[in-house]
Amino acid sequence: MKLKLEVVGMVDPSHERAKRPVSAALAGPYGHPFHPILVTVPIGAWVGSLVFDIASHLVRDPEFLVRGAMWLIALGVIGALAAALVGFLDLFAIPPGTRAFRIGLVHMTLNLLVTAAYAANFLWRHAGHRTDTGVGGGMLALNAVSLAALGVSGHLGGKLAYRYGVRVADESTQAEGFVPAHRPPRSTG
């Protein structure tokens, strides 16, 4: 049994186009995009690197934290590049000239700037920063500012998915999840 929902204001077929992948093999199948899965790698790595940066000022021997933060930043950059490739395909599904497309461009631009800032931070650290004194104040500040910008970008990405429904299954497909899986037995009393 399929439920059919009427959606007020969804008369433009371009809205439906934004829900479908440009390439299911590369961007993920309908209703299950790869971009939200891949962004967890840079987010987790970069949050972890900031925690390590701060902790490097709280311990007597910070070398393992300084090195760990540097490699977490590198892992985040690699993960961000993979997420960006798939996110770029998702951006192509959004009709140009729409509010969602403009937000997608800002989201993409912020993410590219954040990734470039983290790549620069990695190179700065790799160039020979002392690991026995904790992470330098400039490196820590760049990490924190980059992470804050990533949070703003994440908010915009959430708006694309949860407000505008980009790469989210249509409402009738979503309604299938709310059909009772089984019927309770009828009482014969």
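Worth saying up front: this structure is predicted, and the values here are computed from it rather than measured. Along the sequence shown, residues carry numbers from 1.
At distances below 3.5 Å, at least one donor-acceptor pair connects side-chain atoms of Ser56 with backbone N or O atoms of Val135. Side-chain atoms of His35 come within 3.5 Å of backbone atoms of Ala83 as a donor-acceptor pair (strictly under, hydrogens ignored). One N or O on the side chain of His107 and one on the backbone of Ser153 form a donor-acceptor pair closer than 3.5 Å.
Legend: salt bridge (charged side-chain N to carboxylate O under 4.0 Å, His left out) pairs involving residues 93-109, not counting sequence neighbours: none detected. Each salt bridge (charged side-chain N to carboxylate O under 4.0 Å, His left out) pair with one or both residues in residues 53-75, not counting sequence neighbours, appears once here: Asp53-Arg125, Glu63-Arg67.
Looking at every heavy atom in both residues, Ala80 comes nearest to Thr115 through CB-OG1, 3.5 Å.
The shortest side-chain heavy-atom distance between Leu89 and Leu85 does not fall under the 4.5 Å cut-off. Val77 places none of its side-chain heavy atoms less than 4.5 Å from the side chain of Phe122. At least one side-chain heavy atom of Trp46 sits less than 4.5 Å from a side-chain heavy atom of Leu150. A 4.5 Å side-chain heavy-atom check between Asn143 and Phe52 finds every atom pair outside the cut-off.
Here Phe101 contributes atom CZ and Leu91 contributes atom CG; the two are 4.5 Å apart, rounded to the nearest 0.5 Å. Atom OG1 in Thr98 sits 6.5 Å away from atom CD1 in Ile94 (nearest 0.5 Å). Interatomic distance, Ile73 CD1 to Met139 CE, rounded to the nearest 0.5 Å: 9.0 Å. We find the OG-CG distance between Ser49 and Leu140 to be 9.0 Å, quoted to the nearest 0.5 Å.
Hydrophobic clustering, with ILVMFWY side chains joined whenever heavy atoms are under 4.5 angstrom apart, keeps Ile78 apart from Leu72.
For the residue pair Asn121 and Ser146, no side-chain donor N or O sits within less than 3.5 Å of a side-chain acceptor on the partner.
Within the 6.0 Å centre-distance limit, the rings of Phe92 and Phe88 are counted as a close aromatic pair.
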